[in-house]
2 protein chains.
Amino acid sequence: MELETAKQQFIQLWGNFGSQWGINRSMAQVHALLLTSTKSLCTEDVMETLSISRGNANMNIRELMNWNLVYKETFPGDRREYFRAEKDVWEIAKRITKERKRREIEPLQQHLAELSVVDGPDSEEKEAFTGTISDLQRLVSRLDGLSDTLMKADEHVFFGKIVQFFK
Amino acid sequence: MELETAKQQFIQLWGNFGSQWGINRSMAQVHALLLTSTKSLCTEDVMETLSISRGNANMNIRELMNWNLVYKETFPGDRREYFRAEKDVWEIAKRITKERKRREIEPLQQHLAELSVVDGPDSEEKEAFTGTISDLQRLVSRLDGLSDTLMKADEHVFFGKIVQFFK
DNA sequence: CAATTCTTTCAATTATTATTGAAAGTTTTG
DNA sequence: CAAAACTTTCAATAATAATTGAAAGAATTG
């Protein structure tokens, strides 16, 4: 396969995969484009390569910057903003985890906490419900705790020591 | 909060959360309903409680059975099929992980493998691309391997031993 | 075996989400 | 400070995904 074909296919692949996981297809495609680009690109470049509108390109580049997956760069004598992606895949994984935790897991825990207090007389029904909610709270907290630990561990420790531990 | 209110809110919460993660809102709501129901429910019950159509209820119940999150039950003297959810949250987590692995991670790995072979003369561009793809392959494989390990570990080992290891 | 009861399918519709692109906003330049 | 160059916004539109419900299909019953 030609390099350019491969890059294009990767952009499609990443877009499809992202949209299965609740990430906007264009955002994932912009990310894939910048991830496989050796030089930083301006909005115009992104628009042209992906055949998307200025608004779409701008919005998704900004969103990728909010996720700390893309940085802004400027060059002397050029007024345009250029963008470059974080290339370290371990960093990418850590940052995505961190953001989803902040945006989704923490609010979920908040909501579950509210649901764990139920009024009314004790009953089997009530016990069953509060039991399920607290099981979910424990599960979420523990998976969350694991993600914290993994994010603090560096790649070497993670890929070396820990996996061996389970072998 | 009243028990019935809390259940309804939980159904909404689970539906919203699911749709953020690429799971159909109705499917997540049916799951939440069955998860917090002490008795098994028939299609009619699900339709009425969630105010959804017969087709929608049927399709999502079937899909939840495909995911091994819901079982079919029958009662003598009643021709209808009744449904009951797996209640063990650790089992639920394992089964969701297993299905997403099979449906998404494995095809992703397949696609990445295809992209890792690039024709044409060696170049810095090409090296960069194949490097990024193989980094991604390693990341995906390792996260996947971790999920295997976690699925094999039982709840006690997971929640006890391993977390301590990182403390 | 035909009537009944329940389940499944799927084309049409509705709802949701993403995208466009022109206009407004901002920054830089001479 | 006004023109130029670039960025951002957002109402309108388009694309995608979910839902409906009537009809067809299966299974069960008497």
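Reminder, nothing fancy here: chain letters follow the sequence lines and each chain counts from 1.
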Over how many whole Å does the gap from [X] atom [atom1] to [N] atom [atom2] extend?
| X | N | atom1 | atom2 | value |
| --- | --- | --- | --- | --- |
| I61(B) | dT7(C) | CD1 | P | 9 Å |
| M65(A) | dT7(D) | CE | P | 10 Å |
| N60(B) | dT19(D) | CG | P | 7 Å |
| E63(A) | dT9(D) | CD | P | 12 Å |
| F75(A) | dA5(D) | CZ | C1' | 18 Å |
| Q20(B) | dT17(C) | CD | C1' | 14 Å |
| Y82(A) | dA5(D) | OH | C1' | 12 Å |
| D78(A) | dT29(C) | CG | P | 11 Å |

By nearest heavy atom, map G77(A) and M27(A) onto DNA chain C; which one lands nearer the 5' end?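 In this pair, the answer is M27(A).
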
For W90(B), is the NZ or CZ atom of R142(A) found under 6.0 angstrom from the centre of its six-membered ring and inside 45 degrees of the ring axis?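 That pair does not qualify as a cation-pi contact.
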
Closest-nucleotide mapping onto DNA chain D: is I23(B) or G55(A) further toward the 5' terminus? I mean the 5' end.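 Nearest-nucleotide comparison on DNA chain D picks G55(A).
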
Mapping R79(B) and R54(B) onto DNA chain D by nearest heavy atom, which one lands closer to the 5' end?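 Result of the comparison: R54(B).
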
Under 4.0 angstrom, heavy atoms only, what part of the nucleic acid is [X] near: base, sugar-phosphate, or nothing?
| X | result |
| --- | --- |
| N56(B) | base |
| S51(A) | sugar-phosphate |
| N58(A) | base |
| E81(B) | sugar-phosphate |

Output the single nucleotide from dT19(D), dT20(C), dT8(D) whose closest atom is nearest the side chain of R62(A).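 Taking heavy atoms from C-beta onward, the closest nucleotide is dT8(D).
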
So does S26(A) get a side-chain nitrogen or oxygen closer than 4.0 Å to the phosphate oxygens (OP1/OP2) of dT19(C)?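 Answer is yes, contact under 4.0 Å.
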
Is the ring pair F10(A)/F129(B) parallel, tilted or perpendicular, if the boundaries are 30 and 60 degrees?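 Rings of F10(A) and F129(B): perpendicular, as their planes differ by over 60°.
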
side-chain hydrogen bond (donor to acceptor under 3.5 Å, both in side chains) partner of S40(B), the single match among E81(B), K72(B), E73(B):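 When E81(B), K72(B), E73(B) are each tested with S40(B), the side-chain hydrogen bond (donor to acceptor under 3.5 Å, both in side chains) holds only for E73(B).
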
